[in-house]
Amino acid sequence: MKITVIGVGYVGLVTGACLAEIGHRVTCLNRDKKKSANLQMGKVHIYEPGLDQLVKKNIKAKRLSFTTDYPKAVKDSGAIFIAVGTPSRPDGQANLDYVFQAAEAVSKSIYDYKVIVDKSTVPVGTGKKVKKIIQKHYTGHFDIVSCPEFLREGSAIRDFLKPDRIVIGSESKKATAVMREIFRPIKTRKLITNIESAELIKYASNAFLATKISFINEISNICDIVGADVKEVAYGMGLDKRIGSSFLRAGVGYGGSCFPKDVSALNQMADHSGYKFRLLKAVIEVNNNQRKVVINKAKKMLGSLKNKKVTVLGLAFKDNTDDIRESASIDIINLLQKYGALVTAYDPVASVKAKKRLQRVKIAKTAYNACLGAELTIIATEWPEFKTLKWLKIKGLMKSALVIDGRNLLDQNKMRKYGFRYSGIGR
Ligand SMILES: NC(=O)c1ccc[n+]([C@@H]2O[C@H](COP(=O)([O-])OP(=O)(O)OC[C@H]3O[C@@H](n4cnc5c(N)ncnc54)[C@H](O)[C@@H]3O)[C@@H](O)[C@H]2O)c1
């Protein structure tokens with residue numbers, strides 16, 4: 001089938017490349033001519049493992065192309081996926097401007113039946129609003145479908161091609177058939193719901209995962225007081241199939257382009273519908289506090305942070321991505337600087353993006369360089385590389401052997417044997 005994907009960010013580009021990989025002819029639309037031209041040459045502007053190769057492979061096979069021309073992109077297309085950003089407004093609501101702009105541009109470019117698929121994460125009721133926008137300029141037959149995306153950056157291609165489920169919010173048999181045909185090569189459960197349920201499934205899923213993270217972080221804070229080890233506690237809990245082990249890793253709190261904004265948007269959605277979502281408000285509060293847990297540990301180790309050389313390892317919001325949106329690491333750096341610390345940072349791939357966001361932070365080229373002369377090293381992102389560093393060598397480079405492991409990544413016994421004063425989260 002011929003498919004259009006609007007947006008070439010983490011979701012749009014992965015969606016486009018993966019739909020091409022399963023046999024469709026995909027045109028990806030974006031507003032930036034230079035980006036489009038670069039993508040057409042196989043130059044990918046984001047870091048996502050395997051994405052470069054997948055894009056190049058499908059361009060070569062003539063299944064994937066890039067343009068900024070709406071009429072050209074949507075012509076002959078059976079389905080149009082909207083995969084543009086839905087960032088937070090200052091009050092926490094989802095900003096739907098890009099979704100509505102894309103819908104309006106589509107409405108002016110279509111002349112026959114299309115399935116318009118909302119892949120962006122959007123509040124309940126957005127599907128209906130998009131429908132109205134399209135109807136302003138296009139009076140023909142079309143259908144709206146909500147098909148939220150559940151991929152994780154860092155494993156996005158696998159997540160897209162081997163998902164736990166595909167949610168299709170559709171109120172038309174014709175559109176449902178089109179969606180089933182698109183995803184036929186992907187063998188997984190296809191869940192058909194109404195549009196509102198599909199929209200809410202996405203928010204509810206992210207909010208639930210965020211709740212698990214905040215829950216285990218609260219447990220970790222108790223562990224710190226009573227002398228339990230949160231890793232052992234989480235392992236013991238996770239063995240219970242009703243609980244499961246995923247998302248029970250204590251740390252510096254969740255971040256990234258999705259959880260913080262989606263949790264806030266659901267909270268706002270509940271408020272606006274007259275319902276006080278008390279649990280979610282607590283999840284947000286616990287998460288914000290978790291950054292401060294690291295700072296309090298740093299103060300305990302160093303006394304005042306004024307003019308202390310602190311190294312932060314990791315800038316991305318998680319490993320295997322260059323995405324720094326709502327990264328806990330950036331929050332921690334800002335807090336360290338607020339208390340007068342002199343920060344040096346290192347990240348295997350996110351340094352370039354982070355540099356633009358950070359002031360007065362020295363960015364080192366290697367973890368070893370970053371730790372030279374440091375009085376404290378904080379691990380803020382769970383990059384596997386940090387696990388395999390020669391920590392004994394780092395001890396020799398640092399001014400004082402103090403480590404706060406904000407991701408509980410390292411072997412604490414080994415670190416203490418090496419002579420570090422080591423503090424994890426809840427252990
Ligand atoms: N990143 C994730 O891990 C993830 C996972 C699941 C769902 N989501 C959701 O998917 C959506 C997209 O997220 P993302 O991370 O890919 O965002 P992103 O910021 O990486 O990309 C958004 C893209 O949309 C483009 N765009 C904006 N308006 C446009 C328009 N009118 N026409 C054409 N292009 C336009 C931007 O230029 C950019 O390429 C969001 O709603 C997000 O919540 C993201």
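Numbers here simply count residues along the sequence, with the first being 1. Start at 1 and go down the list; that is how both ligands and their atoms are numbered.
Residue Met1 holds its CE atom at 9.0 Å from CZ of Arg184, rounded to the nearest 0.5 Å. How far NZ of Lys190 is from CZ of Arg180: 7.5 Å, rounded to the nearest 0.5 Å.
With hydrogens and angles left out, the side-chain atoms of Thr86 and Lys261 include a donor and acceptor closer than 3.5 Å. Looking at Asp411 and Tyr422, their side chains never bring a donor and an acceptor atom within 3.5 Å of each other. Under 3.5 Å, the side chains of Asn369 and Tyr346 contain no donor-acceptor pair of N or O atoms.
A salt bridge links Arg325 to Asp323: one of the charged nitrogens lies within less than 4.0 Å of a carboxylate oxygen.
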When you pair each N or O of ligand 1 with protein N or O atoms, which pairs come out under 3.5 Å?
{"from": "ligand 1", "atom 1": "1 (N)", "to": "Glu153", "atom 2": "OE2", "distance (Å)": "2.8"}
{"from": "ligand 1", "atom 1": "1 (N)", "to": "Ser257", "atom 2": "OG", "distance (Å)": "3.3"}
{"from": "ligand 1", "atom 1": "3 (O)", "to": "Glu153", "atom 2": "OE2", "distance (Å)": "3.4"}
{"from": "ligand 1", "atom 1": "15 (O)", "to": "Arg325", "atom 2": "NH2", "distance (Å)": "3.1"}
{"from": "ligand 1", "atom 1": "16 (O)", "to": "Tyr10", "atom 2": "N", "distance (Å)": "3.0"}
{"from": "ligand 1", "atom 1": "16 (O)", "to": "Val11", "atom 2": "N", "distance (Å)": "2.8"}
{"from": "ligand 1", "atom 1": "19 (O)", "to": "Arg325", "atom 2": "NH1", "distance (Å)": "3.1"}
{"from": "ligand 1", "atom 1": "20 (O)", "to": "Tyr10", "atom 2": "N", "distance (Å)": "3.3"}
{"from": "ligand 1", "atom 1": "32 (N)", "to": "Tyr70", "atom 2": "OH", "distance (Å)": "2.9"}
{"from": "ligand 1", "atom 1": "39 (O)", "to": "Val8", "atom 2": "N", "distance (Å)": "3.2"}
{"from": "ligand 1", "atom 1": "39 (O)", "to": "Gly9", "atom 2": "N", "distance (Å)": "3.4"}
{"from": "ligand 1", "atom 1": "41 (O)", "to": "Thr86", "atom 2": "OG1", "distance (Å)": "2.6"}
{"from": "ligand 1", "atom 1": "41 (O)", "to": "Thr121", "atom 2": "N", "distance (Å)": "2.9"}
{"from": "ligand 1", "atom 1": "43 (O)", "to": "Thr121", "atom 2": "OG1", "distance (Å)": "3.3"}
{"from": "ligand 1", "atom 1": "43 (O)", "to": "Lys261", "atom 2": "NZ", "distance (Å)": "2.6"}

